[in-house]
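In listed order, ligands and their atoms are each counted from 1. Only a predicted model underlies this, so the values are computations on that prediction, with no experimental measurement involved. The residues of the chain are indexed from 1 along the displayed sequence.
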Amino acid sequence: MYKLHYSPGNANLTPHMMLKAIGVDYELILVDRASNAHKSPEYLKLNPAGRIPVLVDGDFTLPETAAICLYLADKHPEAELAPALNTEKRAVLYRWLMYFTNTIQTEVLMFYYPDRYTADGSEEAAANVKAAAAERLGEMLTIVDEAMGTSGPYMLGEKLSLLDFYLFMLCRWCRLIENKPRSFSNLDAFIRQMEVNPAVIGAFETEGIAQPWT
Ligand SMILES: N[C@@H](CCC(=O)N[C@@H](CS)C(=O)NCC(=O)O)C(=O)O
């Protein structure tokens with residue numbers, strides 16, 4: 001059975017929604033961030049980066065959210081959460097997955113942990129980093145909103161894919177910025193349809209995340 005090391009609302013949300021969508025058995029293992037369990041020697045053996053989530057599949061241990069998503073999609077092709085290999089659609093999936101994980105997600109970290117990105121850790125410097133991150137996130141969401149307007153109703157068009165679960169997680173994380181996802185018309189429509197997706201509801205409820213989610 002899969003084991004997903006998680007903390008409510010963290011990056012585990014996307015693989016968690018995928019596990020629900022796939023309909024496979026899994027066990028959730030809570031990583032207690034309050035006691036810094038993600039920096040414990042035991043957890044660092046699973047992920048030396050000390051980040052959440054980690055997926056364990058038998059003897060195989062896999063950190064990094066995007067890698068976990070691709071692994072699950074490829075292992076369960078019947079769930080059709082990614083287009084076939086060697087297709088243009090698959091390449092488009094890679095394009096947006098990379099944008100989500102290495103650009104938007106990284107910027108989200110700057111928004112929530114701005115002090116980590118300052119040399120002196122001062123409140124003033126952190127406030128500047130946070131404000132700049134919020135502005136850049138607004139620009140990034142504009143790009144995604146326009147793409148959604150062209151391809152919609154999902155990132156890859158008519159068919160739901162792992163990208164949509166990833167994007168929904170990012171929409172939740174970006175709910176506190178001024179230009180929040182709900183203020184973009186295509187993203188707002190996207191959020192409305194994802195909010196009633198049983199896999200989304202199942203994962204958010206299991207993690208104990210109260211409404212409003214975005
Ligand atoms: N690139 C990693 C980043 C994961 C990540 O930053 N997770 C956050 C929770 S959402 C975390 O573990 N933060 C703990 C920390 O920064 O110390 C991934 O996508 O899995």
Side-chain angles (χ1 to χ4, degrees), residues 2-21 26-57 60-75 81-82 93-119 121 125-126 129-130 133-134 136-137 140-141 144 155 161-177 180-181 194 200 203-204 206-210 213-214:
Y2 292 118
K3 290 182 181 168
L4 182 64
H5 293 257
Y6 87 111
S7 173
N10 282 205
N12 40 266
L13 269 174
T14 302
H16 195 180
M17 289 183 273
M18 288 183 67
L19 287 166
K20 293 277 190 202
Y26 64 90
E27 183 187 344
L28 286 178
I29 299 175
L30 182 67
V31 183
D32 181 21
R33 287 192 60 166
S35 63
N36 252 359
H38 54 306
K39 306 295 179 196
S40 67
E42 298 77 34
Y43 191 81
L44 292 176
K45 275 187 209 150
L46 298 173
N47 182 3
R51 297 294 178 105
I52 304 163
V54 168
L55 182 80
V56 177
D57 180 13
F60 181 52
T61 299
L62 187 64
E64 286 301 324
T65 311
I68 296 170
C69 292
L70 289 169
Y71 178 73
L72 287 174
D74 288 342
K75 233 187 139 185
L81 292 175
L93 177 137
Y94 291 145
R95 173 211 170 169
W96 287 114
L97 186 58
M98 301 311 148
Y99 190 66
F100 289 170
T101 187
N102 72 21
T103 305
I104 301 185
Q105 191 173 341
T106 307
E107 203 69 45
V108 167
L109 287 174
M110 286 193 200
F111 180 77
Y112 282 107
Y113 306 103
D115 48 301
R116 293 183 185 174
Y117 299 86
T118 66
V129 169
K130 192 177 178 95
R136 282 191 299 267
L137 280 168
M140 292 168 190
L141 291 173
V144 178
M155 271 320 281
S161 73
L162 67 87
L163 285 178
D164 302 301
F165 292 122
Y166 217 114
L167 179 57
F168 189 74
M169 176 177 76
L170 296 176
C171 286
R172 169 169 173 77
W173 290 348
C174 289
R175 71 194 184 283
L176 301 181
I177 68 169
K180 58 181 178 242
M194 291 303 285
V200 173
F204 274 66
T206 304
E207 293 195 18
I209 301 170
W213 293 334
T214 56

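Of the protein's non-hydrogen atoms, Ile52 O, 3.7 Å is the one closest to atom 5 (C) of ligand 1. For atom 9 (C) of ligand 1, the nearest protein heavy atom (residue, atom name, distance) is Asn10 OD1, 3.2 Å.
Backbone and side-chain nitrogen or oxygen atoms of Thr65 are examined, and one is located within less than 3.5 angstrom of a nitrogen or oxygen of ligand 1. Between Ala11 and ligand 1, a contact under 3.5 Å exists for no N or O pair. Of the polar atoms of Gln105, at least one N or O is found under 3.5 Å from an N or O of ligand 1, judged by distance alone.
Looking at Asn10 and Arg33, their side chains do bring a donor and an acceptor atom within 3.5 Å of each other.
Applying the salt bridge (Lys or Arg N to Asp or Glu O under 4.0 Å) rule to pairs touching residues 60-74 yields Asp74-Arg90, sequence neighbours excluded.
The aromatic rings of Phe204 and Phe168 sit perpendicular, their planes meeting at an angle over 60°, well past the 30° parallel limit. The aromatic rings of Phe100 and Trp96 lie tilted to each other, with the angle between the two planes from 30° to 60°.
Counted within 6.0 Å of NZ on Lys130, heavy atoms from surrounding residues, nucleotides or ligands total more than 12; the atom is thus considered enclosed.
Residue-level proximity to ligand 1 for Arg116 is carried by the side chain, the only part with a heavy atom below 4.0 angstrom.
Nearest to atom 2 (C) of ligand 1 by heavy atom, out of Lys39, Glu64, Arg51, is Glu64.
The ligand atoms of ligand 1 that sit less than 4.0 angstrom from a heavy atom of Pro53 are 20 (O).
With sequence neighbours left out, the ring pair (Phe, Tyr, Trp, His ring centres under 6.0 Å) criterion links Tyr26 to His16.
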